[in-house]
Amino acid sequence: MKKMKVRGILIDINYKEGKIFLTIKNESGISTFYDDYYDYFYVEKNDENNAIINKLGMENVLDEVELEGKTFYKIKKVNEENEFYIKYAHNIPAWKKYLIENEITPMNLLELEVENDKILEVKDVGSYIPKLKVISFDIETYAPFIIPRVNKDPIIFASYASRDGEKGVITFKRGNRDFELLVKDEKELIEKLCEKLNEYEVIVGYNSSSFDIPYLMKRAEKLNGKFWLGNEEIEIKKLTTGKIVRTSGIIHFDLFYLIRLLANAQAIKTQRYSLEEIYEEIIGEKKMDLEEEKMCEIYDSDEKRGIYLDYSLSDAIATYKIFEKLYPLIVEICKISKIPLKELNNITSSQLVESLLFEYSYKYKFLIPNRPSEEELLERSEEKVIGAYVKIPEPGIYEKIAVLDFRSLYPSIIVAHNIDPKTLNCGHKECMKNVSPSGSYFCIKNRGIIPITVENLLSLRKKLKEELKKNDDPLIRARVAALKIILNSFYGMFRYVRSRWYSKECAESITTWGRKYILDIAKKAEEKGFKVIYMDTDSTFLTMGNKSKEDVIKFVEEVNKEIPEAMELEIENFYKRGVFVEKKTKEEIGARKKYALIDENGKIKIRGFELVRRDWCKFARDTQLEVLESILKEGSKEKAVEIVRNKIKQLREGKFKKEDLVIYTQLRKGKYKVTSPEFSAYEKARKRGIKIPIGSIIGYVITKNGKSISEKAEIAQFANDFDIEYYINNQVLPAVLKILGAFGYSEEDIKYYGKQTSLGEWENG
DNA sequence: CATGTCTGCTTACC
DNA sequence: ACTGGTAAGCAGACAGA
């Protein structure tokens, strides 16, 4: 038995019956060491609990701790059954406690002192970007009905790609590509893929938890073959939002979930989460695409099969490239919130925040509140909190606009006013002046754990942002991005009904203070002679008239002197022109959350318009974009009208691609009170024997077949004709009418245009 | 049986 | 396992005539 030191990156951590397992990676590969560690919970030291402990035996008491002025016993968790009425920290994963108590961080470099496999000492020696052996993979199926049927449609290709240049497509039908790996049949294909994947430390897929891995497993089972990853059974957990695949001995990472988190946090914006769109958004180039309907046909053709192989490989490569680009961000998320890589497979922003608050609570000796009971959940779900202020804009076109923004408004309010369930209405007389417009006041003597945490993160982010100005380092950029995502989720902790830190009063105080601060800006700006045209939550749009940029800068500086230290008003940008439109439903009332701006460099920013929505067809969205661009850039209404005229002509002449007419809508439920086009299209597909999972995004088009729009709706793949009138009157025209209207163009005229068009009269004139 | 209004539903903004 | 409030707007359902 010799003691030795081991250094390596902590890539995984697990707990099982009194033991913690740390998975470490270094030059000699991956190894796992264990530490004796008992999961525990806290109970308050009082007579009732003393009696229970006496019965249980003192050996179950691991420690005594002081938290928030009370004494707690730390009780060894042997099983879930015990008599304690109130327990704390009992449903926090043991591995998380271990990480926090030993001050070690996933993805950091650790120094272990071990004896055999047993850990004697563990030390975190700092930040490190681990280079892991990563391979991406993807499968293709032969699915004549587009949506694969697992008991019928075979897997025809399995592709993979890795950093070391390893790439290939496993197939049992030749495609004459040098990267193809020929096997005998599907069963061998699956096994070959396993061999390949298991050579690596991390396997990355895109939607692989919900599709590729379950499909591979079921096909393997059907063919009496084997699909294996790592060293234990693959565990599939079904959630409402998709499936989670858990492996051990090898890390499976599904990029899809991270993408969803980033999309929720507004870090990426795409219409759909398809690999193609995500690749374009993140990598900035187009990815090879194949028409779904022709895939079987291409596969069946000996000459064309190679193209399908190219496509299959391009999927694996795209997945790999996205992973590599996001890798610094992934690592930072793991580090900041102390979550091992595999846990990101099922992550939400509230979990990131919770994880951070666990750590800070431990550090600052705060008791971690428990999760709510079912009753509390019910009570909480009844409570409503009034949110942010949104100003109704005057429709029209504006010149010289300045947009001001509060930097991290809600987090900075939390810090400025020390908002926390534990500081709420503290009883101190001198704290009563720190009162919110909703009537709650917050302690000014003792800091709450949430303000402490938020303040730390805010100042860290500020520091990193300054560093970033000097040195544009991707790692720092990733940290800034990760911190932004986390900071924006803190406010949600107060009103998320399942939150441990739920507080209606805190949430209410934040939003009422937020409204007060933003309305104060409006008042001050008007006093200074600016005109406030629009506001939403933390942003203010001013028209400058004959005022200069310096005047705006001066105004912002003055404001910043008056508001609390932690808060800051910033200039988001100056715009030379902007468009606000009427609501479609009510004449002359401006629509909120809908605007288009062009800055001094010609860069366009568009929010809320149909063109950013996936439930409008691309044809109408493109038309709207062109119209907005021409108005913002050239200010020419004649040209804008000409664009619409031409687009309608194109529709009539059949000059469009089918995919430009597809409308995407998510089917969120299996049962509806009303028939919608997407549900009707889904039903028709189901009658054809196509299974579309609930939660899918349905792509449908409107055909000539039927009376109502729902009757005419058909899943894109099965549609052969298109109701052009629908696309003119319900898509293209509604998307541009209000914009041209804002430009002073008479709406009747344009509508008349539309009608004339529908009679087919003005192609000639 | 047209017409206006309400309802159910999805998506976007912050 | 889901930050949630503010808002727009479509298509279908319904109502009073």
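Chain A is the first sequence line, chain B the second, and so forth, proteins listed ahead of strands; every chain is numbered from 1. Owing to the predicted nature of the structure, the values given are computational and were not obtained by experimental measurement.
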- Query: Which whole-number value in Å describes the distance from R515(A) CZ to dC14(B) P?
  - Reply: 18 Å
- Query: Judged by modelled atom types alone, do S436(A) and S509(A) share a side-chain donor-acceptor pair under 3.5 Å?
  - Reply: yes
- Item | Spacing of I452(A) atom CD1 and N456(A) atom CG [to the nearest 0.5 Å] | 8.0 Å
- Taking D538(A) for the side chain and S408(A) for the main chain, is one N or O donor matched with an acceptor at less than 3.5 Å? no
- Would one find a side-chain N or O of S708(A) under 4.0 angstrom from OP1 or OP2 of dA11(C)? no
- Task: Rounded off to whole Å, could you give me the OH-to-C1' distance for the Y726(A) and dG12(C) pair?
- Result: 13 Å
- Output the distance between atom CG (L519(A)) and atom CE (M535(A)), rounded to the nearest 0.5 Å. 6.0 Å
- Query: Which side chain to side chain donor-acceptor pair (under 3.5 Å) pairs, counting each pair once, include a residue from residues 611-628 of chain A, with sequence neighbours left out?
  - Reply: E610(A)-Q624(A), R613(A)-D615(A), K618(A)-D622(A), E626(A)-K647(A)
- L733(A) has an atom CG; how far is it from atom P of dC10(C), in whole Å? 12 Å
- Query: To the nearest angstrom, how far is L737(A) atom CG from dC10(C) atom C1'?
  - Reply: 15 Å
- Which atom of K738(A) lies closest to which atom of K583(A), heavy atoms considered: CE-O, 3.4 Å
- Query: Just checking R607(A): base, sugar-phosphate only, or nothing, at a heavy-atom cut-off of under 4.0 Å?
  - Reply: sugar-phosphate
- Query: Taking the inter-plane angle between the rings of F722(A) and F656(A) on a 0 to 90° scale, is it parallel (under 30°), tilted (30 to 60°) or perpendicular (over 60°)?
  - Reply: perpendicular
- Is the gap between the ring centers of Y595(A) and F541(A) under 6.0 Å? yes
- Figure out the CD1/P separation between I413(A) and dC14(B), and round it to whole Å. 17 Å
- In whole angstroms, the gap separating C1' of dA7(C) from CE of M535(A) amounts to 17 Å
All N/O contacts under 3.5 Å from nucleotides 3-6 of chain B to the protein, with atom names and distances to one decimal?
none

- Ignoring backbone atoms, establish whether R592(A) has a side-chain N or O less than 4.0 Å from OP1 or OP2 of dA8(C). yes
- Query: Counting just side-chain N and O atoms, does K583(A) come under 4.0 Å of either OP1 or OP2 of dA7(C)?
  - Reply: no
- For DNA chain C, the dot-bracket notation using Watson-Crick and G-U wobble pairs below 3.5 Å, [ ] for pseudoknot-type crossings and | for other-strand pairs, is ...||||||||||||..
- Note on the structure: Separation of dC9(B) atom P from Y682(A) atom OH, nearest Å, is 15 Å
- Query: Please give, in whole Å, the distance from dT11(B) P to W616(A) CH2?
  - Reply: 14 Å
Distances for protein N or O near nucleotides 3-5 of chain C N or O, under 3.5 Å:
| from | atom 1 | to | atom 2 | distance (Å) |
| --- | --- | --- | --- | --- |
| dG4(C) | O4' | R495(A) | NE | 3.4 |
| dG4(C) | N3 | R495(A) | NH2 | 3.4 |
| dG5(C) | O4' | R495(A) | NH1 | 3.3 |
| dG5(C) | O3' | G387(A) | N | 2.9 |

- Is the shortest distance from a Lys or Arg side-chain nitrogen in K605(A) or E572(A) to a carboxylate oxygen in the other one below 4.0 Å? yes
- Separation between CD of E714(A) and OG of S680(A), rounded to the nearest 0.5 Å: 8.0 Å
- Message: Using modelled atom types and a 3.5 Å cut-off, is there a donor and acceptor pairing between side-chain atoms of S539(A) and backbone atoms of D536(A)?
- Response: yes
- Donor-acceptor side-chain pairing of Y502(A) and E383(A) below 3.5 angstrom: yes
- Numerically ordered, the residues 665-674 of chain A set in heavy-atom contact under 4.0 Å with DNA chain B is T665(A), Q666(A), R668(A), K669(A), Y672(A), K673(A)
- Message: Base, sugar-phosphate or nothing for Y595(A)? Non-hydrogen atoms, less than 4.0 Å.
- Response: sugar-phosphate
- Query: Does T675(A) make a side-chain N or O approach to OP1 or OP2 of dA13(C) shorter than 4.0 Å?
  - Reply: yes
- Query: For Y496(A), what residues pass the side chain to side chain contact (heavy atoms under 4.5 Å, CB included) criterion, not counting sequence neighbours?
  - Reply: S350(A), R498(A), S499(A)
- If every non-hydrogen atom of I715(A) is compared with every non-hydrogen atom of A685(A), which pair is closest and at what distance? CG1-CB, 3.7 Å
- Parallel, tilted or perpendicular: which fits the ring planes of F580(A) and Y534(A), with parallel below 30° and perpendicular above 60°? tilted
- Query: What nucleotide, of dT10(B), dC13(B), dG12(C), holds the atom closest to the side chain of S710(A)?
  - Reply: dG12(C)
- Query: Using a cut-off of less than 4.0 Å, is there contact between a side-chain N or O of R614(A) and OP1 or OP2 of dT11(B)?
  - Reply: yes
- Sugar-phosphate only, base, or nothing, as touched by W501(A) at under 4.0 Å among non-hydrogen atoms: nothing
